[in-house]
Amino acid sequence: MKTIVLDGGRLACREQAMDLLGAAFDCPCWWGRNLDALCDCLWELKEPAALEVENHSLTAASPFGHSLLRTLAQCAAENPRFSLLLR
């Protein structure tokens, strides 16, 4: 299983979060860079992956970050190849 550790402070801003997550999950260059497209990319994972978000409270403090965490949690609940750990 691939484990990706990201600092939650870097996921509060949409543009930076999409850059980091797109690179971490090898999303194609043409992906939509939004939450729906991120879920699509997570469904296309070739191997199981775990995302660990350190300092997740920093992510949750912004409106976008709150939506991102909610979306990632929903993806983890529905996708057996993706898991989410908030620290």
Side-chain angles (χ1 to χ4, degrees):
M1 176 182 288
K2 177 179 180 179
T3 300
I4 298 156
V5 180
L6 295 175
D7 178 11
R10 299 181 72 198
L11 298 176
C13 170
R14 179 194 172 292
E15 186 171 317
Q16 187 175 29
M18 294 296 110
D19 287 344
L20 291 169
L21 293 166
F25 291 105
D26 298 321
C27 295
C29 62
W30 46 263
W31 78 293
R33 296 180 49 85
N34 59 57
L35 296 177
D36 288 335
L38 178 61
C39 287
D40 291 343
C41 289
L42 294 175
W43 273 104
E44 297 296 321
L45 292 172
K46 292 182 177 27
E47 64 179 275
L51 174 62
E52 295 183 18
V53 180
E54 297 178 339
N55 304 312
H56 76 280
S57 61
L58 296 175
T59 308
S62 77
F64 171 78
H66 180 75
S67 295
L68 173 63
L69 291 177
R70 187 176 61 237
T71 299
L72 290 170
Q74 181 179 354
C75 289
E78 297 172 358
N79 185 344
R81 290 181 299 199
F82 174 69
S83 62
L84 176 66
L85 179 60
L86 303 178
R87 296 180 185 245

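Fair warning: this is a prediction, and the values are worked out from it, not measured in the lab.
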Hits for side chain to side chain donor-acceptor pair (under 3.5 Å) against D7, two or more places apart or cross-chain, chain-then-number order -> N55
message = When you measure from the side chain of R14 to the backbone of R33, do you find a donor-acceptor pair of N or O atoms at a distance under 3.5 Å?
response = yes
For residues 68-81, the side-chain hydrogen bond (donor to acceptor under 3.5 Å, both in side chains) pairs (sequence neighbours left out) are Q74-E78
For residues L58 and L21: do they belong to one hydrophobic cluster (side chain heavy atoms under 4.5 Å, members Ile, Leu, Val, Met, Phe, Trp, Tyr)? no
So SG of C39 and CG of N34: to nearest 0.5 Å the spacing works out to 9.0 Å
Applying side chain to side chain contact (heavy atoms under 4.5 Å, CB included) to A77 and not counting sequence neighbours gives none
Contacts of E52 meeting side chain to side chain donor-acceptor pair (under 3.5 Å) (sequence neighbours excluded), chain-then-number -> R87
Practice item. Find out whether F64 and Q16 are in side-chain contact, i.e. whether some heavy atom of one side chain is under 4.5 Å from a heavy atom of the other. Key: no
Does any non-hydrogen side-chain atom of L11 lie less than 4.5 Å from one of L69? no
Quick note, side-chain hydrogen bond (donor to acceptor under 3.5 Å, both in side chains) partners involving residues 57-67, not counting sequence neighbours, are none
Under 3.5 Å donor-acceptor pairs involving side-chain atoms of residues 40-50, not counting sequence neighbours:
none

Before you tell me yes or no, could you show the steps for L84 and H56 under side chain to side chain contact (heavy atoms under 4.5 Å, CB included), namely the whole-Å CA-CA distance, both residues' side-chain angles and the distance that decides it to 0.1 Å? CA-CA 11 Å; L84 176 66; H56 76 280; over 6 Å; no
* When clusters are formed by joining ILVMFWY residues with side-chain heavy atoms under 4.5 Å apart, either directly or through shared neighbours, do M18 and I4 land in the same one? -> yes
* Asked: L38 and L72: side chain to side chain contact (heavy atoms under 4.5 Å, CB included), yes or no, with the steps?
  -> CA-CA 9 Å; L38 178 61; L72 290 170; 4.0 Å; yes
For K2 and A24 the tightest heavy-atom approach is NZ-O, 2.8 Å
